[in-house]
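Note on naming: letters A, B, ... go to the chains in the order of the sequence lines (proteins, then strands), and numbering restarts at 1 for each one. Basis for what follows: all heavy atoms, side chains included, without hydrogens, waters or symmetry-related copies. Worth saying up front: this structure is predicted, and the values here are computed from it rather than measured.
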Number of protein chains: 2
Amino acid sequence: MKFSKQRELILDTIMKSDIHPTADYIYNSLKKDNPNLSLGTVYRNLAQLVENGFIHKVSMPNQSDRFDKNIKPHAHIICDVCNEVYDIDSSSIKCFINNLSSEHDVDISSYNIVFKGICKSCKKADLKI
Amino acid sequence: MKFSKQRELILDTIMKSDIHPTADYIYNSLKKDNPNLSLGTVYRNLAQLVENGFIHKVSMPNQSDRFDKNIKPHAHIICDVCNEVYDIDSSSIKCFINNLSSEHDVDISSYNIVFKGICKSCKKADLKI
DNA sequence: ATAGGTGCAAAGTCTTTGCGCTTAA
DNA sequence: TTAAGCGCAAAGACTTTGCACCTAT
């Protein structure tokens, strides 16, 4: 993989972000200071960064894919209230997968787990009302 | 919800199928005997059937949505070898979600869980080679 | 009678790709 | 020098929608 300014900017955007950005978000963030950047380039680089293990792609039901700097296997929750996506990291995931593998006699190599619900801060906010 | 022949056919197709069909699959299955059926009608009815709780929609990473007659919450696995989608039903899912809810202080209302891996029959087939 | 459903085709959203030019190595 | 990457715009895959007509109730 040859170095490119664009790829570096894209990776940087993801690394600095906590919101699991979409391709479009990345494109628009960078477009301001890099007016020649093209959306195709963003998609091409994201695919390559995923393929090379620098980032993870998270498929969101009925929404654009998001990209995650956290490459350790983990799940996500999207909040019904604030619409933010949060990491759900848990030792119980591993255990869960082990159970499934033996119960169902399958080999699991990867997963895409997205919960819908209400996040910690929106739960708190709701209590205050 | 008013009765319609088309909706009945669509629901029937899903109920009789074990493959978690896509909109396009349903459309093409029915098109043979119902040449006037339109893909828009299939999508509209699927949305309505989901909304009314007759079926479930399953979002597959990088693929068309699939529709599931099994409306009990459960997970799925897509096989890397045969590409089939199977239900993963497990008492450990409920337990897993309970753990997460308390660990992460979130309320989980629904989920879309898709594993990738090798299914039971492909594992068996592989052993024979 | 009329609210809801249909077929058709156009449009929308998200993503990929072909091509000729540019650039890192 | 040259393989890899870029910008641009067109195309692709999947899904939704506007509209005029039809149909269950």
Just how far is it from atom CG of B:N70 to atom CG of B:D87, taken to the nearest 0.5 Å? 5.0 Å
So what does A:D65 hit on the nucleic acid, given a heavy-atom distance under 4.0 Å: a base, only sugar-phosphate, or nothing? sugar-phosphate
Quickly work out the B:Q6 CD to C:dG4 C1' distance and round it to whole Å. 12 Å
Any side-chain N or O of B:S4 under 4.0 Å from OP1/OP2 of C:dT6? yes
Measure up the B:Y111 and A:F115 rings against each other and bin them: parallel (under 30°), tilted (30 to 60°), perpendicular (over 60°). perpendicular
Figure out the CD1/P separation between A:I26 and C:dT15, and round it to whole Å. 11 Å
Taking the side chain as C-beta and beyond, is there a heavy-atom pair between A:I10 and A:V42 under 4.5 Å? yes
Near DNA chain C, counting only heavy atoms under 4.0 Å, which residues of residues 34-55 of chain B show up? B:N36, B:L37, B:S38, B:T41, B:R44, B:N45, B:Q48
ring-ring contact (aromatic ring centres under 6.0 Å, His included), paired with B:H20, selected from B:H76, B:H56, B:H74: B:H76
Is the shortest side-chain heavy-atom distance between B:P73 and B:I93 below 4.5 Å? no
Round to the nearest Å and state the distance from A:R66 atom CZ to C:dT15 atom P. 11 Å
Chain B vs DNA chain D, heavy-atom contacts under 4.0 Å, first-to-last nucleotide span, 5' to 3', is D:dC14 to D:dT25
On DNA chain D, more 5' by nearest nucleotide between B:S64 and B:K5 is B:S64
How long is the line joining NZ of B:K2 and C1' of C:dG4, in whole Å? 4 Å
OG/A:S29 to NZ/A:K31 distance, rounded to the nearest 0.5 angstrom? 12.5 Å
Rounded to whole Å, CD of B:Q63 lies from C1' of C:dT16 at a distance of 16 Å
Separation of C:dT22 atom C1' from A:F3 atom CZ, nearest Å, is 15 Å
For the pair A:K69 and A:D18, find out whether any cationic side-chain nitrogen is under 4.0 Å from an anionic carboxylate oxygen. yes
Taking CE from B:M1 and C1' from C:dT6, how many angstroms apart are they, rounded to a whole number? 16 Å
Check side-chain hydrogen bond (donor to acceptor under 3.5 Å, both in side chains) between A:N45 and all other residues, then give those that pass, not counting sequence neighbours. A:R7
Between A:K57 and A:D65, does any NZ, NE, NH1 or NH2 come within less than 4.0 Å of an OD or OE carboxylate oxygen? yes
